[in-house]
Amino acid sequence: IHDTGREQRSVSTRRKNEEIEKAPTPRKVDSRVDRGNRGEELFRWVLGKRGFSNTAIQKVIGGWHTIWGRHRQRLGQFDEYWKSIGKSREDLLIESDPETMISNFISQLQADQTSDANQANCRTAIAMLFRAQGVPKDKINGFALQQIMKKPQAGMRQKIKEEPVWQYNDLLRYVNEKATAKQDLSENQYMGIVIALIMGYSTLRLAEVHRSIVKDLKDGSWQINTSMIKVHETQVEIVFRPVQNPNVCPTEWIRGWYERRTKKDKNKPFLWLIEKKRIATYEEASKAVHQIMAEAGIPDNPAVTSIRKSSMTKSIDQGATKTQINRATRHKKGTDTVAHHYDKNLNDNLRQRLSEFE
DNA sequence: GAATGGACACAAGAAGCCGC
DNA sequence: GCGGCTTCTTGTGTCCATTC
């Protein structure tokens with residue numbers, strides 16, 4: 001139930017453009033690789049000084065998934081700063097007041113006009129370094145630093161605004177039309193439609209579809225097994241059963257996807273590409289779905305996740321209850337994630353009804 | 001293709017609110 | 001004031017897009 005404040009976390013898409021103009025992100029070609037290595041080296045050095053063995057340090061890093069890549073970048077950014085003010089690594093260890101260090105670091109970033117998100121991320125990374133070093137929490141995050149962080153945090157909050165989402169029906173119409181000439185579709189197009197349909201009907205994310213194992217249950221239905229790593233690693237099992245219109249039916253399209261293969265390829269993984277004789281990469285899958293959305297006439301080349309938005313919006317529009325949506329999207333009971341991030345129904349109808357009296 | 005950056009998500013704890 | 005509920009903040013993490 002403690003989950004209502006999260007919509008404040010995100011950076012609005014609009015800010016992205018402004019940010020590029022007023023604060024170009026410092027992407028220096030040559031220092032790019034260096035910075036990450038630098039950050040990792042710093043982290044290893046600090047834990048090494050504390051007495052951690054290389055194996056132990058490796059395990060600490062292994063506890064992070066993809067987030068480690070972010071931390072190491074920011075630690076590299078800190079390392080650059082630390083050197084620029086004439087400090088040595090040993091100075092880090094004898095530092096008795098980490099909060100002051102962090103405050104000065106963040107203030108410098110602000111002065112250098114780095115983005116709000118960058119300041120927040122740097123603060124997180126450097127705080128992690130100190131915590132790994134064994135510094136108690138209250139020495140890392142105190143009142144003064146919180147004051148400093150107010151501005152970047154406010155800047156990161158997403159504006160609550162009304163924005164339209166493309167019509168899920170547009171995608172269905174396109175698929176419906178292609179269903180009668182499946183043999184003319186390229187491998188990429190076919191894959192794009194299959195993935196788009198799975199995403200639309202299951203609201204799985206692309207990464208989750210990409211690592212799916214798909215099983216023919218032999219009774220006309222198909223099972224999708226995958227894992228959701230975001231937040232907590234959970235196994236997910238979904239069964240698609242035929243819907244009335246075979247043209248837009250996920251099981252029909254999945255069956256057809258496997259039928260394209262020769263017998264010896266039948267048991268190859270879900271996203272096996274016949275032509276390339278290997279599994280499609282994440283990028284290829286993403287490209288295929290984008291191509292389908294473009295061909296369906298969906299404007300502005302939206303992200304693949306917009307399929308989730310579009311599909312949920314349609315469900316809500318058709319009168320699905322909150323409970324039904326939470327169940328379908330596998331969001332935790334009680335979250336209003338869907339309402340804030342996915343339900344893009346505009347309020348025009350409500351306003352019209354408000355304006356009516358007598 | 002890897003590094004990088006922005007966006008979205010969730011849990012836990014803190015803070016606010018309200019009726020008694 | 002106190003307990004129960006709601007709302008907000010913080011820390012941490014993954015997903016998706018872009019850049020070099």
With the side chain of [X] defined as its heavy atoms from C-beta on, choose the nearest nucleotide among [options].
X         : options                   : result
Arg131(A) : dT12(C), dA17(C), dC16(C) : dT12(C)
Met128(A) : dC16(C), dA9(B), dT12(C)  : dT12(C)
Ala303(A) : dG13(C), dA17(C), dC15(C) : dA17(C)

Query raised in the report: Hey, what's the ring geometry for Tyr190(A) with Trp257(A), parallel, tilted or perpendicular (30° and 60° as the breaks)?
Result: parallel
Query raised in the report: Any chance the rings of Tyr258(A) and Trp272(A) have centres within less than 6.0 Å?
Result: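 Ring centroids of Tyr258(A) and Trp272(A) are no less than 6.0 Å from each other.
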d([atom1], [X]; [atom2], [N]) in whole Å:
X         : N       : atom1 : atom2 : answer
Arg308(A) : dA9(B)  : CZ    : C1'   : 10 Å
Glu208(A) : dA9(B)  : CD    : P     : 11 Å
His210(A) : dT14(C) : NE2   : P     : 18 Å
Gln119(A) : dG6(B)  : CD    : C1'   : 15 Å
Tyr282(A) : dT14(C) : OH    : P     : 14 Å
Ile126(A) : dT12(C) : CD1   : P     : 13 Å
Glu283(A) : dC16(C) : CD    : C1'   : 10 Å
Arg38(A)  : dA3(B)  : CZ    : C1'   : 16 Å

Report task. Mark yes or no for whether Ser212(A), through its side chain, and Val214(A), through its backbone, hold a donor-acceptor pair below 3.5 Å. Result -> no
Would you say [X] reaches [N]'s phosphate, i.e. side-chain N/O to OP1/OP2 under 4.0 Å?
X         : N       : answer
Thr305(A) : dA7(B)  : no
Arg211(A) : dC15(C) : yes
Arg123(A) : dG11(C) : yes
His71(A)  : dT12(C) : no
Gln73(A)  : dA3(B)  : no

Report task. For Thr281(A), answer base if it contacts any base atom (sugar-phosphate contacts may also be present), sugar-phosphate if it contacts only those atoms, and nothing otherwise; contact means non-hydrogen atoms under 4.0 Å. Result -> nothing
Requested in this report: Select base, sugar-phosphate, or nothing to describe what His290(A) touches, counting heavy atoms under 4.0 Å on all strands.
Outcome: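 Contact class for His290(A): sugar-phosphate only.
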Requested in this report: Can you sort out the partners of Lys287(A) under salt bridge (charged side-chain N to carboxylate O under 4.0 Å, His left out), two or more places apart, ordered by chain and number?
Outcome: none
Report task. Measure from NZ or CZ of Lys182(A) to the centre of the six-membered ring of Trp253(A), then state whether that distance is under 6.0 Å and the direction lies within 45° of the axis. Result -> yes
